[in-house]
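The block underneath contains the structure these notes are about, expressed in structure tokens.
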Amino acid sequence: MKFAVIVFPGSNCDRDMYHAVTSSLGEEADLVWYEEANLSGYDAILLPGGFSYGDYLRSGAIASTSHVVTEIKQKADMGIPVLGVCNGFQILLEAGLLPGAMLRNKQLKFMCHQEKLVVENNQTRFSSAYTTKEAISLPIAHGEGNYYCDEGELAELEANNQIVFRYANNPNGSVADIAGIINQQGNVLGMMPHPERATEAVLGSSDGLKLFKSVVNHWREAYVAGV
């Protein structure tokens, strides 16, 4: 399986994502500069964390208007899996690939530490290697990770089982403890915690590796079925 790790000016977790896929997972990956908008030949697309365009205007807002995001939308419509982590999640929200928006953390401070999560939905291509309600530990590192959506959007997320991860202790004020959500089609996941920084025990947790394994397992099952 081959992953594209999209790199914007200001991305700073792209190498972490690349290492997680190639060294921890043992799959192929390329670092793809945002101006190189040819994503053909990739089986999954990863939007890493960081501060794309210095978070000017709003986090992820400028990056969401780039040509590569237009192609990502096309690939998402085709069913290609797309994962956005931290700033990547913010880009997905700004691009309209996922509902809701990000606000400043409730303490109005940058947060960087390990956080406990609960796997709310393990019936997705990103979470099938987990058990339902499994408690996991992933690091967070953000200043604007307070997920917000209105009551109608929240009701829709709940009804469609689109909430994949929740915070156990909600560090940033996110509505309904939301840490990660998926689109209705089930192939676009956005989350603020960093699974790519938790793929080896030496990092403090290897709980994030199951997310990437889930993606690969789903791809292999679909590939074998299509052969």
Side-chain angles (χ1 to χ4, degrees), residues 1-6 13-14 16-32 39-49 69 71-86 88-89 91-93 95 97-99 117-138 157-166 178-200 205-227:
M1 187 174 185
K2 193 170 185 179
F3 293 76
V5 181
I6 309 301
C13 302
D14 42 326
D16 304 59
M17 196 76 82
Y18 179 85
H19 175 85
V21 171
T22 58
S23 297
S24 301
L25 191 64
E27 299 293 330
E28 292 185 73
D30 287 331
L31 294 167
V32 180
L39 297 178
S40 60
Y42 292 104
D43 304 301
I45 300 168
L46 308 177
L47 290 168
V69 172
E71 184 161 352
I72 291 171
K73 289 179 178 180
Q74 295 171 351
K75 294 297 184 182
D77 288 341
M78 295 167 57
I80 298 295
V82 178
L83 169 65
V85 174
C86 201
F89 186 10
I91 293 170
L92 293 176
L93 294 172
L97 281 162
L98 291 171
L117 306 180
V118 176
V119 180
E120 191 71 18
N121 177 6
N122 73 333
Q123 301 300 308
T124 80
R125 67 175 68 188
F126 300 95
S127 59
S128 59
Y130 298 103
T131 59
T132 185
K133 299 298 182 180
E134 182 174 348
I136 63 175
S137 178
L138 299 180
L157 290 173
E158 297 275 12
N160 295 326
N161 207 18
Q162 289 175 250
I163 301 173
V164 182
F165 300 103
R166 294 189 198 263
I178 289 174
I181 59 173
I182 201 165
N183 64 339
Q184 289 191 31
Q185 189 178 348
N187 66 309
V188 178
L189 173 70
M191 59 189 299
M192 288 308 295
H194 289 264
E196 79 283 3
R197 293 182 178 177
T199 58
E200 301 172 21
S205 171
S206 60
D207 291 341
L209 187 58
K210 287 184 180 180
L211 186 149
F212 296 101
K213 285 183 175 179
S214 298
V215 176
V216 173
N217 291 342
H218 183 275
W219 177 83
R220 287 177 176 164
E221 290 171 3
Y223 178 78
V224 170
V227 171

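Below, each value reflects all heavy atoms present in this structure, side chains not excepted, and no hydrogens, waters or symmetry copies.
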If I take atom [atom1] from residue [X] and atom [atom2] from residue [Y], how far apart are they, to the nearest 0.5 angstrom?
X: I45; Y: F3; atom1: CD1; atom2: CZ; result: 11.0 Å
X: F165; Y: L138; atom1: CZ; atom2: CG; result: 7.0 Å
X: I72; Y: L97; atom1: CD1; atom2: CG; result: 8.0 Å
X: M191; Y: L117; atom1: CE; atom2: CG; result: 6.5 Å
X: I178; Y: I163; atom1: CD1; atom2: CD1; result: 4.0 Å
X: L47; Y: M17; atom1: CG; atom2: CE; result: 8.0 Å

Where do [X] and [Y] come nearest, in terms of heavy atoms and distance?
X: D14; Y: L31; result: O-CD2, 3.7 Å
X: A198; Y: S137; result: CB-O, 4.2 Å
X: V82; Y: F126; result: O-CZ, 3.6 Å
X: G190; Y: L92; result: CA-CD1, 4.1 Å
X: I80; Y: A44; result: CG2-CA, 4.0 Å
X: S128; Y: S214; result: N-OG, 3.2 Å

Go through the structure and list residues passing side chain to side chain contact (heavy atoms under 4.5 Å, CB included) with Q184, not counting sequence neighbours. E156, N160, Q162
Does M1 offer a backbone N or O that forms a donor-acceptor pair with the side chain of E27 under 3.5 Å? yes
Going by heavy atoms in the side chains, are [X] and [Y] under 4.5 Å from each other?
X: L189; Y: T124; result: no
X: P99; Y: I181; result: yes
X: S127; Y: E120; result: no
X: C86; Y: M192; result: yes
X: V5; Y: P48; result: yes
X: I6; Y: L39; result: yes

Begin from the C-alpha positions of S24 and T199 and carry the test side-chain hydrogen bond (donor to acceptor under 3.5 Å, both in side chains) through to its verdict. CA-CA 6 Å; S24 301; T199 58; 2.9 Å; yes
List for me each residue that meets side chain to side chain donor-acceptor pair (under 3.5 Å) alongside Y18, sequence neighbours excluded, and say none if there are none. none
Derivation of the side-chain contact (heavy atoms from CB on, under 4.5 Å) call for I91 and V69: CA-CA 9 Å; I91 293 170; V69 172; 4.2 Å; yes
Taking side chain to side chain donor-acceptor pair (under 3.5 Å) as the cut-off, I'd like each qualifying pair that reaches into residues 185-195, sequence neighbours left out, listed once. N183-N187, H194-E196
